[in-house]
Amino acid sequence: MTLVERIDQAPLLLQRWAVSFFPALLQPWVAMLISAAAIIGVFASLFALSTLAERKGLGRIQNRPGPNRVGPFGMLQPLADGIKMLIKEDIVPLRADKVLHFLAPIALIVPSLLVYSVLPIGRNLIAMQCQLGVLLFFAIGASTELSIFMAGWGSHNKYSLLGSIRAIAQMISYELPMVLAAVTVILATSSLDTVNIVEAQAGGFWAWHAFTPWGAIALLTFFICALAESNRAPFDLPEAESELIAGHLTEYSGFKYALFFMAEYLGMMAISGMAITLFLGGWQAPLPILNFIPSWMWFFGKLACFVVLFIWIRGTLPRLRADQLMNLAWKFLLPIALLNIGLAGLWVKSSGWIAWPISVILLGLAIVGLGRLLRGSRPRGGKRIYRYAD
Amino acid sequence: MIPGVSIEEKTDPLQGQILEVSMGPHHPSTHGVFRMDVKLDGERIVSLKPVFGYLHRNHEKIAEDVSYLGSIPYTDRLDYLCSLTNNWAYCLAVEKLSGFEIPERAEYIRVIVGELTRLVNHTCLMGFFVQDLGAMGTPLMYAFREREKILDLFEGLTGARMMCNYMRFGGVRCDLPVGWIDEVKKVIAAFPRFLDEFESLLTQNEILIARAQGVGVLSKELAINAGITGPCLRASGVGHDLRKVDAYSIYSRFDFKVPIGAHGDCYDRFMIRLLEMRESLKILDQAIAALPSGQIIDPKAKSRGLRPKAGEAYGRIEAPKGELGFYLISEGGPSPYRYRVRPPSLINLTVLEDMCLGGTVADAIATLGSIDIVLGEVDR
Amino acid sequence: MLGTGILRGLKETARNVIGSFREKDRLPTVMYPEETVKTKENFRTFPFLVYDGDHAMPGLRCVSCRICEKECPPQCIFIIQERDENNKAVKHPRVFDIDFSVCMQCGICAEVCPFDAIKMDNIYELAGEDRFTGLLVDKHRLAKSNHYYHQIKPTEANEVDGRLAEDKRKAEEAAKAKAAAAAAKAAPPPTAAT
Amino acid sequence: MSIPFLIIAAVILASAWAAVSLRNLVHCGLCAALSFLATGTLYLYLNAEFLGLVQLMVYVGAVAVLILFTVLLTRPATEAADAVPTKRPAFWKGALIAITVGGAVASCLAVYAAPKASTAPELSIQEIGRLLTASQQNVLALIIVALLMTTALIGALLLAAPAEEDTKGGGA
């Protein structure tokens, strides 16, 4: 093993080294525990980092410095936030359903962490290689809706209830185009295994699925759905502050709120990770020359880009209305995703450049046509001419 | 009951229950302590009752008790975003009552600060409006960044950033400090850049268009019948601007246009304000160029112990939010016998239900944001 | 095309992010306790009483005429006039209290004072722990020297000083003229006897 | 019978019992969801990965949510705690249904006899896919199901279509 390979495989070697201290009977269990602990540790600290990045980034977008008091350049702000959350009073409304109110954050955080088990973070670095990795990701992701329902209903608050109903409707609607967008990749690689999918994209950035016509559209669809699935702006309707106070989070405080907050960020990063795995080559370096950089660094680098994109969009865009949100999912994303599957099939069967022009023309037509449908009778770009009174 | 018309209770088996939500008085986007009793069918609004008065401060009755001068600082606190125009409208009423002459320079200063106030108000409003649409405060922060510069100007001139208390009967309280006009010029010169950026950030944004176009439509007829004034009226397509209609003060000397919309929806109200700011900048340029020297207050006028002769007067101006009027009756005493404010925010708010019915909660929030209310003025 | 407006918005925010590192105009935050904005000369907060000379109480310009008390819109000034041992009114306040929790910083007291005795201060770091007595400020805490007034508002103070000096000169002249007149009246015309 | 199996079975039974016996309909729905979840886990434990994950996705992600939504939309949330009347006839009806269904299942099991665990086929996901799409009769069935679902979807759209005056409001 060369040094480069050693660094690349460092987490795995560390794990093996730690496991070797235990009797053989316990070794698989210990390995599993270590993987779980690593995932929780790494992604929880990434959550802390991304909250800091978000606050700093939003600050800069809004022409203010962001948190800069705690520690050097405000780097310890997440720590301060964490302590604040921990020692805050935990308020449970009098008429709330105590059990559901208590269980909801736990039921949310567990699947949020569980989905990381099938994300290949680097070469050979995956907690659980599973033949059905992509399916497992979506299946577990689907169960977060219930916990949001529990939170909204258990709080005994009309805003919470409205918020959770919105959240569930939104998540179910966007799950569909998201899964369909992922299906294109499954079609192309004929595998549901995330490791195989990443390996199919080896060689350089031109081999990534994002650089095919169907892959680009699927990535875009997937990304829009990811925004909606993780309840981020401009699809943050469930917790729309200006309308529903904080939606299903209204009655939560202290550590329970922190768990929700954490779940949101974990969900965001998990979905970004899935997008990277499916479309952007996972842990593969964009150029073969750059392979000396450890594979997990590529993964986290790409993840960081996604997080920045999420923050950037959040800082820029206003929020959609509930019905517009549904229209976007059902009248725009879903047909495009369906068409895209057909094009991916064409791509796989023809396996050549002939699919390029056909895909581009068909997708272009679909996007323009559906976009016009979505816009309705409004003039192009919503432009209006204003008169002046005499 | 009208013969031939039978009223039938329609019961739809698929009809759900009506959900009553009391939005406010402490709700993040009710712009203060304002409450809307909303009845929702799903997410559609079937009834919306605005409830206000949480911020009632007895302004009119207090004004009937203190001297004429003593009311000026209270008018600051009506629409606390634009205290200078409030001062102006009140002084105009008192000046009508007591027949003071306003010196040329004072008129120009009034126009300059009045238009600056319009810029302050409209930047704020646009920021708040987009904030209500859920934009994480970014446009609001940009708006506040620019507003801050104008508030600095106010601080330099009047000593306070928001509660200016600057105008006096027959003129203004103090003359412009040295170098103030240059600072104004700087701010005005930099302002179009901000407007351009703001426009490119928002006006073509598909989400804003989807959220604001066709939402909260106020028809021309209803606007006129309900006595709506200001940008809300002009967005509905009525070219009514008191600066043109009354040509009060010296507005007839300036070359500016009044933008009017055609649809009367939130987007039009938003855009009309943007365009109005550009017109305000034009007025400011002209006023600064023509600013004469001379007295700043009518030497005949006295502030303290003013006892206007018995009579009544109504002074109105085109405040940033609409027609702001003060109606005064004097019996010759040291304080007015009757003091009445015509607050544009309150009267523009009366059509809220008509604009919101059939829309969603999100639409109601957007519509409320686009009306531009300040609860200090609504409740008084 | 759908999405161009969104892209334009994203471009705008990106420009602001970059600008916040390069332009002062795009990062206007002032780190308050470490740095402060220099207040403008006209800036006003709460009123204070001006005194001449080195000693606060005897030097107060206030003559206890109570005009400010009457004109104050929220009625936050409370004055009792000083009386000497013969119970005769003295032109000096025995009590001069301003309730800062009521005062709305309008500056009308300073405007109406005919003796330039009350002026507007520019201190703003007034947070305290005592809500009632801490904000009810008496004449000892209100009194500040003319020198201080010159420091915070030089232009205005010079103007006031000039006006006061002018008034004083006029008053002296008038007194002198009066005295001269009186003297002229009192003294018998020198030629009358002859 | 191993310990994990016993635990999973206990959770399934307990949550299923709770789902039919609890007073609060929302709690019932959530318990049903838990029972679905545990069933999915059982499939996973028995190495039927595909079935288990589909169970999770369809039942926990969709059916349970559907049930909860139905509960919420048909009765006001605040009154959901009201007792569901449980009368004796209902109990007997339920018992009758349970016995019928149980009997049918038991007779089926009796007919096919107990499957031998060792002969369970190692069915990979590729094989499932091939079975569904490559063999003749399965394709037909798949297409029929697809058509049926499309019809149902269009029907649902027609039902949910807004009244005429609402159509102008939307559009993103």
Side-chain angles (χ1 to χ4, degrees), chain A residues 54 57-64 157-159 161-163 165-166 169 232-237 239-246 250 311-328 332 371 374-390, chain B residues 19-23 27-29 40 43 130-142 144-145 201-215 234 237-241 244 257-263 267-268 271-272 274-275 279 359-366 369:
Chain A
E54 167 128 48
L58 279 182
R60 285 291 166 175
I61 284 175
Q62 297 172 358
N63 290 343
R64 54 190 177 80
N157 178 323
K158 283 171 184 168
Y159 289 119
L161 193 64
L162 273 178
I165 289 179
R166 273 186 180 188
R232 299 276 303 183
F235 304 106
D236 54 347
L237 285 98
E239 43 200 273
E241 197 216 358
S242 55
E243 297 148 32
L244 300 179
I245 326 291
T250 306
I311 294 169
W312 187 6
I313 286 176
R314 183 171 184 212
T316 307
L317 297 182
R319 181 184 305 125
L320 277 170
R321 206 170 58 207
D323 57 327
Q324 294 164 348
L325 185 93
M326 291 296 153
N327 282 345
L328 183 66
F332 188 79
L374 211 56
R375 200 166 63 216
S377 56
R378 244 177 254 127
R380 224 179 132 73
K383 269 204 184 101
R384 286 183 179 175
I385 309 294
Y386 287 91
R387 292 179 300 126
Y388 290 93
D390 331 301
Chain B
L19 182 67
E20 281 184 47
V21 181
S22 165
M23 300 189 80
H27 182 282
S29 55
L40 296 174
E43 280 224 21
V130 189
Q131 170 88 347
D132 285 345
L133 296 180
M136 256 333 274
T138 307
L140 183 66
M141 283 295 174
Y142 295 165
F144 268 42
R145 182 188 74 203
L201 177 65
L202 291 169
T203 49
Q204 295 301 303
N205 187 312
E206 278 83 0
I207 298 179
L208 181 96
I209 288 169
R211 286 294 308 276
Q213 287 194 356
V215 168
R234 293 193 281 277
V238 185
H240 178 87
D241 187 326
K244 290 279 188 197
K257 289 182 285 186
V258 178
I260 51 176
H263 302 78
Y267 189 80
D268 268 1
M271 284 303 287
I272 291 294
L274 252 174
L275 295 169
E279 298 301 318
T360 63
V361 179
D363 287 343
I365 298 290

Closest non-hydrogen atom pair, B:Met23 against A:Tyr159: CA-OH, 3.3 Å

Partner of A:Pro234 under side chain to side chain contact (heavy atoms under 4.5 Å, CB included), chosen from B:Ile207, B:Asn205, B:Leu133: B:Ile207

Proximal component of B:Val238, with respect to chain A [non-hydrogen, under 4.5 Å]: neither

Contact winner vs chain A - B:Glu20, B:Met141, B:Arg234, B:His240, heavy-atom pairs under 4.5 Å: B:Met141

Approximate separation, where rounding is to 0.5 Å, of B:Ile365 CD1 and A:Arg321 CZ: 13.0 Å

A:Ile61 versus B:Tyr142, closest heavy-atom pair with distance: O-OH, 2.5 Å

Heavy-atom side-chain contact between B:Arg145 and A:Arg64 under 4.5 Å: no

Structural part of B:Leu140 lying under 4.5 Å from a heavy atom of chain A: neither

Engaged part of A:Leu58 at the chain B interface, taking heavy atoms whose separation is under 4.5 Å: side chain

Passing option when A:Tyr386 is tested against B:Ile260, B:Leu274, B:Asp268 for side chain to side chain contact (heavy atoms under 4.5 Å, CB included): B:Asp268

Backbone of A:Gly315 reached by a side-chain donor or acceptor of B:Thr138 within 3.5 Å: yes

